[in-house]
Each structure stands twice: as structure tokens, then as C-alpha cells.
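See below for the structure under consideration.
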Amino acid sequence: MIIRLILGLESKFIFDIDEETPILVILRDLFYSGDWRNLKKDIEELKELYESVEILEKIEEKIVLLNELVYEPIVWTEVKEFLEKYGLTPENMLHATADGLYELAIEYADKNQIEVAKDILKFAMRLDKNYAPAYEFFGSLLLEEGDIEGAIKYLNRSIELDPWLIQSYSMIGEAYYNIGNYEKAVEYWEKEIAISPSNTFTYFMISDAYTKIGKLEKAIEILEKYREESENSIIALYELAELYRKKGNEEKAKEYESLIMEIDPQKDPNGIEIWAKVHLKKGNYDKVISVIENAIKANPEAKHLNLVLAVAYVKTNQIEKARRVVEELKDDNFWYLYGKREFFDELLTNSEKELCGIK
């Protein structure tokens, strides 16, 4: 369907609008960052499209700016059909960029339309063979699908193009870790923290990988390095205590556990559950109850801390409170409770678990 608009009385401005008109605005925004001039350079040989673009320029000049309100949402299949109809390929769109495609791929991935997102990224990589973010994103999608070999290939290409893509090193490490190649995983994760030393989680993953291949000294070394930069990390101290214990150095393990007990858990909220666990093992039940109850009051969303309270309540013979906490967890977060059964197994006897309704 074509709509003909006639504006003006004396000097009439006549133009037609059809179903393809919004797609030209999409092309401008998606491939040319809103620049008509660069779009026109790529369609100079397509007279019909060229003239339509000039009309759209006049509309913006005389009437109204054209933006996403004209075309949203962008339907990728329609865009592709339009390009194919006029013989526009990534290879002959010489003045286009891949930035808009990258953003569009994210939108489709967020809607769980992964195959469409991958198709957009393939187009982006043809459009600009050196556009590193597209390779990184494509590799991440393959990793989520379990295509380890493909993920590593694209992620490696992304860091060849841009060695500062930190997330690519992280994901390649994850890919190798998932197939049990812990040495390779460590290689990439160490490159990651060399670029971004603040990536806390990676230190623990490196330590875990070293532990899996029996290199306890190396596992300790990387966490000691992290601890130098984050002295009050409860999680690091706890992991180090466990590693020293595995090495048979009980004295060092106890030293690190003592350090955990001296830390104010409010200074390291991520480690509060571990802090509580150490205190529970030492029998400091009242202290745990006081700290954890206050923490939950301050952050009601931290429901996992109720697990700690349940143990402390049982140990202080507050059975009804313990049962109530466990019942609430079963109702609200059963799978978390199930996944933490080892927490109860370690700290409670079978009869104590029965008392609070766990068994």
C-alpha cells in the first residue's frame, strides 16, 4: 500500500510512503549511526532507494525528525529480506558499521531468541571482519550452548583483535575448565587478572583449578596474592585455611581461622556466611545469632543467612525458632535449602536435624 502526502499550498511537497519507508530509517540507524550521507554512498547505484532517502531527508528538514518511533521494534528477518531484495550485502555496504548490529543482537539474546542473535552477529562479522565485540558475543553464546570448541575459536579471535577484552579471557578459561583442561584454564585466567587485577572471582577459580590438578602450593600462592590486595577477605582466608589443612599444615589453618574470627563481618558482607560457620564450629552461638539477626534486619533479601540462624537456634535450644526458620526456607527457597544440606550435616547431629525438621 502506498500513501501519498501533499504538503504546502503554493510550493507543494509531494512524497509517497509505503511499507519499505520505515526500513530505510532502520538502515540509517542500524548500520550508519543515523547518518543519511553514508547510507547514500552505499546505495548510489540503486536509484529508487537513493531518491527515497532524499525524500526522507526533506521530511526531516521540513517536518519532523525520524527516529525509532517510526519503526520499532526492528524485525531482523524483514531487514534481511529488504537487503537481499536490493542486493545489499555486508561486503558492499562499505560505509556501514557493526555497532548497531551488536546492540540488536543483545536485544534478541535478552529475549532468548539466540539463533536470531547469532545470525545478526554473523552478519556483523561479515560487515566488519575486525569487530572484536561480535566475535566475543558469538563465542559467549556458543559457550552457553555447550559448543566448547566453537566458543574457544571465536573468543580467541576476539582477543587477537582486541587484547583488552577481559571477558573473553574469562570465558575461554571457563570453557577449558568445563572440559577438565585446568592448565589451559589457568593460563587464560592469569592473563585476565594481569589485565584486571580487581576481578576477585577469578583468583578463586584459578586456585580451584590448581587444586584439581594437585598443585596446592600454586593454589595457595594465588590466594595469598589476592589476600595481599584484600586483607579482610573472609572467603580468601577460609579457602586458604582449607588448603593449608589439605597440605597438613594445621597450625597455619588454625591461624587463618583465628583471623576470620577477628574480622568484623560487616566489612565483608560476602563472607558473612563463612564467618558464621567458623564461629559455629567454635561454639560461639550467641555471637552468631546477634550478628546474623542484625544482618537480616538490614537486608531482608539475605534469606540464605537463615540457614545459619537455624543451626545457632538449635545449638542454643531454641527449637521452635529453628523449626520456623526451616519451614520458611522450605516454602520460599526449597532448592537452596536442599543444596545446603551439607551445611547442616557438618554442623548438626542427626537428632538435632530431626528437631528442627530438616530430616
Just distance, no hydrogens or angles: give the donor-acceptor pairs under 3.5 Å from side chains in residues 101-113, sequence neighbours left out.
unit_1	atom_1	unit_2	atom_2	d
Y108	OH	I74	O	3.0
Y108	OH	W76	N	3.0

Would you be so kind as to tabulate the donor-acceptor pairs closer than 3.5 Å made by side chains of residues 208-221, with sequence neighbours excluded?
unit_1	atom_1	unit_2	atom_2	d
D208	OD1	K212	NZ	3.4
D208	OD2	Y177	OH	2.3
D208	OD2	K212	NZ	3.3
Y210	OH	E190	OE2	3.1
T211	OG1	S207	O	2.8
K212	NZ	Y177	OH	3.2
K215	NZ	E183	OE2	3.0
E217	OE2	K247	NZ	2.9

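From I206, atom CD1 reaches atom CD1 of I222 across 4.5 Å, with rounding to the nearest 0.5 Å. For the atom pair CD1 of I159 and OH of Y169, the computed distance is 4.5 Å after rounding to the nearest 0.5 Å. Separating the CD atom in E136 from the OG atom in S170 is a distance of 10.0 Å, to the nearest 0.5 Å. Annotation: the span from I272 atom CD1 to I296 atom CD1 amounts to 8.5 Å, rounded to 0.5 Å.
Between the side chains of Y188 and N156, a donor-acceptor pair is found at a separation under 3.5 Å. Between the side chains of Y135 and D162, not a single donor N or O lies within less than 3.5 Å of an accepting N or O. Side-chain contact of H95 with N38: a donor-acceptor pair under 3.5 Å is absent, judged by distance alone. No side-chain donor from either of E328 and N306 sits under 3.5 Å from a side-chain acceptor of the other.
Under a cutoff of 6.0 Å and an axis angle of 45°, K85 and F82 do not form a cation-pi pair. A cation-pi arrangement is absent between R324 and Y313 under the rule of less than 6.0 angstrom and at most 45 degrees off the ring axis.
Atom CD of E45 is surrounded by 12 or fewer heavy atoms from other residues, nucleotides or ligands within 6.0 Å. Summarising the local packing, CD of E251 is surrounded by 12 or fewer heavy atoms from other residues, nucleotides or ligands at distances under 6.0 Å. Within a 6.0 Å radius of CD in E44, more than 12 heavy atoms belonging to other residues, nucleotides or ligands are found. Within a 6.0 Å radius of CD in Q266, other residues, nucleotides and ligands contribute 12 heavy atoms or fewer.
Ring centroid separation for the pair Y226 and F204 comes in under the 6.0 Å cut-off.
Looking at E257 and K254, no side-chain N of the basic residue comes within less than 4.0 Å of a carboxylate O on the acidic one, giving no salt bridge.
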